[in-house]
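Single-structure report; data block below.
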Amino acid sequence: MTLAVSMRDVSIRHAAARNVTPSVREATLAIRQGEIFGLVGPSGCGKSTLLRVLAGLNGYWDGAIELLSQPLSPGVPLTGALRHAVQMVFQDPYASLHPRHTIGRALDEPLRLMGERDTASGLDEVMRLVGLDPRLLAHYPHQLSGGQRQRVAIARALLTRPRLLLLDEPTSALDKSVQAGILNLLNRLRAQFGMTLVLVSHDADVIAHLCDRAALMRAGRLGPALDREALVRALTNPERETGNE
Amino acid sequence: MTDSSYSLADGAPPPAWRAGRPRRLTPVLWLGVAILALLLAVALFAPWLAPSDPDGQQLTLRLLPPSSAHPFGTDGLGRDVLSRVLFGTRPTLLLISLVLLLTVPVGLTVGIAAGMAGGWIETILMRLTDMVLALPKLVLALAIIAVLGPGLLKGALALALTAWPVYARQARAETLVLRHSDYLAAARMQGIHGVRLCFGHVLPMCLPTTVVRATLDLGGMILAAAGLGFLGLGVPPPTAEWGSMVADGSAVIFDQWWVAMAPGGAILLASLAFNLLGDGLRDWLDPRHE
Amino acid sequence: MNEPMPTLPLIVERLTVRAAQGALVDGISFCHEGGLVALVGESGSGKTMTARALLGLTPRGCRVEAQRLLFRGQDLLAATPADWRHLRGRHIGLVQQDPRYALNPVKTVAWQVEEGLRLHHRHLGRRERRERVEAMLTAVGLTPNRRLLNAYPHHLSGGMGQRVMLAASLISEPALLIADEPTSALDEALRRQALDLIASLAEARGMAVLLISHDLPLVAHYCRQALVMRHGALLETLPAGELAHARHPYTQMLWRCQPSAATYGQQLPVWEEDAP
C-alpha cells in the first residue's frame, strides 16, 4: 500500500530562531492512502504546527517528509502537482475566508489559476458538492453562518481535486449540531473521492467518530499510530481527563 | 433522521440578504460627493460661470468691497475675485489629483511589498521610507522646486515626493498583521502568490485606511499647495490659484478682508469635501457595513 | 447567604428583545429556582442575547420588553443605568467564553480579580482586599503566589485564564452567575474541570448559575434544568437529566448529533431546516 504521508524524525522550530527548543521533536509517522488519520492532543502540543509543515506553510523543520511519494525540502513551498494534490482546511472559518471577497470570487480564482476558462459550472458543482446553495456565491463571508463558511472553505480546498486533505480543527469553532453536518460531509467526501484525510483535533469524540487510525500528541512528542481498537481504548481512557497545566 | 447526504440544512441563503444589492450611500458620503461634483463642475464650466476675465486688470477698480457687480469684491490689481476663485478650482484640483496619483500607488506598493517580502527587502524599503519621512516636507519641496523651477506639475511632484512614506508605513503595518492570517495561508495553498496575492488579497484590506488617510491628507495637500503658491513657488502668476490668492490677500487682510476670504473659503470647502468623502468611503468600502 | 432568599433568583416572563430586523429573543418565560440552569441552543438561537438582556447589556438599537423581569424581587425593567452598574459585577456575575479576549491584556491577575472589590466594596482596606483575592484564587484552584498575582493574561494557559476569569466574577459574591459558553475555548479535559469548579462553588455559596452552552452532554451532567432555545423562542423546558429522552425532535437531534466512538462510520443526525 502506498503512503500518503511519510515522516521520519521531523523536528519543527518556531520561525527562524535557531536555538529555541523545537515545538515538535522527532516525529515519525506513516499515513496510508485513503484513510482518515487523526492527530489528537491538548492545545499547544504542536499538532497544528505539524499540519502546517505538511501543508508547506511552515518551512522551519528538519528531518525527512514525503507526501504522496514526493520528498519535501525545508523552506520550499509546495509547487506544481503536489500543490494541487495537498489542500488544507483551517480551524476558524471566520478567519480563513477573505472578508472582502465574495464566495464566488474566493472559489473562482483558484479555478482560473488552474487554467479553466468557464468556471460557472465548476463553481455550481463544488457548491452542491459541499451542500451549499449556489446562490450563496454572490455573498460575502460575513453574511454566512459558521457552518456555511466552513463548507465554503472545504469547497475551496476541493477545487484542485486534492488527494490529501489536511484538516486543522475543522469543527471546533462550530456548534455541535453544525459540526455533525460537517463531519457527515467529510465522511461522504472520503467515500466519494477516496481522499486521504488528516484530521487534527483536541476533541477525542470527533477523532473517535471519524478516524480509522490516530496518533496521540503531547508536548511536542508524537506517539505511535494507533489502529481503531487501540485508538478507542486510548481515547476513552479516564487518565486522559486529568489536567495538563 | 432523514438522509442528509445532500441537504441544504446549512446551505440556504439567509433570507434577509439579497446578494448583489448595491450598498446605499450614507448621507456623509452623499454630501462629500455632492461638494466634489460641484467643484468639478465649477472647474469644467469656469469660463461660462465667471462673470469676467480672471486675469483682466482694471487698476481703477482696485480693492472694491463685495457688490452686485463683484460679489466677492476685487483684488489689488482690480481683478474680479469671484472669477479668480472659480478659475482657481482648475489648478487646485489638478494639483491634488496629480499628488494623489503619484503618492498613493507608490506608498501602497512599497508598503505591501515590504510587509509581504520581509527580510532584507523589507529593511531596505523601510529605511528608505524612514529617510524620506525624516526630511521636512516643505523644505524638501522648496529644494526640488529650486532645482526644477516653479510650475504646477513640478509642484505636485515636489509634494508627492515627501507624501508617499506615510502610506508606505501604514500599508506595511497592516500587511504585517495580515501576513500570518489564515486567509492568506489559504490563498497560498491555492497557489496564489506574488503580485496576485499582494494586489488581489492584501491590497483590498489596506485600501480603506489608505483612502481615509488620503482624503484627510488632501485637505493638507491643498494647504501645502497653497503654501507653495504663497511663497511664489507654485503655479506662476498671473494664473489664478487659491494659495497664491490667499497670499496676495493676506497683505491687506485687515482692511480688505474679502480678497483672502473668498479663496480661503474655497480651500475650506474643498478640504471639507474630501474629509467627508474619506469618512463616507471608509464605511462604504467595508462590505460588513450595513 | 445567611437567611433564605425571599424571592427566586430570577423570574422571566415573556422577555422579548427586538432589533431593527425583528425579534432576537421572542417572548421567553422561565423561573430560575437556584442551582445550575442551562440555556441551550445553536448559535443564533438568541441565548446570548437573553443573557445580555439580563445584564442590561443589549446592543444599541435593541429594545427589551417583558411582562416581568425580576432578579431577587427587584424589577430589572425599571433599573436605571446606575442600578445596572450596581447590579452587574456586584450581584450578577458574568463569565465569558474566551479568557484571551475577556481579560485585560495589560493588567495583572491580582488587579483584575481585585477590581470587583474596588468597585463594589469600597469600605475594604487594601490588606483585606488582597486577602480576599488570595482566598478567591485558592477557591478556584490556583495557588496565589507572587508569580501568579503579578502574571499578565498572556502568561496564563487557557485553563488558568478561565479560572482567573471565574475568580474575578465571583469575588464580589454575586447571587447569580451567568456563564456564557465558559468552556468552549477549553480543551476537552479542561471542560469538566471548569464546570466541576463552577458547580461546587455554586453549591458552596448558594449561587444561582445560568449556563449558556451548546454542549448537551455537559449540560445533562451538571445542570438541574435545561431550557432549549431556537430562533429566539423557548422550544421546551425540561429537567437536564432527561435531555437524552427529550420529546421534541429538535432537542433529540441536538442530543444525538454528538459524535463518539460508537458513531464511527455512521451518519450523524442533522436538522432539516424548513425551506426558505
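Every chain is numbered from 1, with letters handed out A, B, ... down the list of sequences.
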Please rank Glu109(A), Arg105(A), Met114(A), Met88(A) by heavy-atom pairs under 4.5 Å with chain B and give me the top one. Glu109(A)
Provide the closest heavy-atom pair for Met205(B) versus Pro99(A) in the form atom of the first, atom of the second, distance. CE-CG, 3.5 Å
Answer yes or no: is there a side-chain heavy-atom contact under 4.5 Å between Arg100(A) and His201(B)? no
So that I can tick it off, tell me whether Arg52(A) and Asp182(B) are bridged by a salt bridge, with the cut-off set at under 4.0 angstrom between side-chain N and carboxylate O. yes
Strictly distance-based, threshold 3.5 Å: is any side-chain N or O of His101(A) a donor or acceptor partner for the main-chain N or O of Gly200(B)? yes
Measure Leu78(A) against the heavy atoms of chain B and call it side chain, backbone, both or neither at under 4.5 Å. neither
Shortest non-hydrogen separation from Ser96(A) to Ala186(B) and the atoms involved: O-CB, 3.9 Å
With no hydrogens and no angle check, just 3.5 Å: does a side-chain donor-acceptor pair link His84(A) and Gln190(B)? no
pair Pro110(A)-Met189(B): side-chain heavy atoms closer than 4.5 Å: no
Between the side chain of Arg188(B) and the main-chain N/O of Leu57(A), is any donor-acceptor distance below 3.5 Å? no
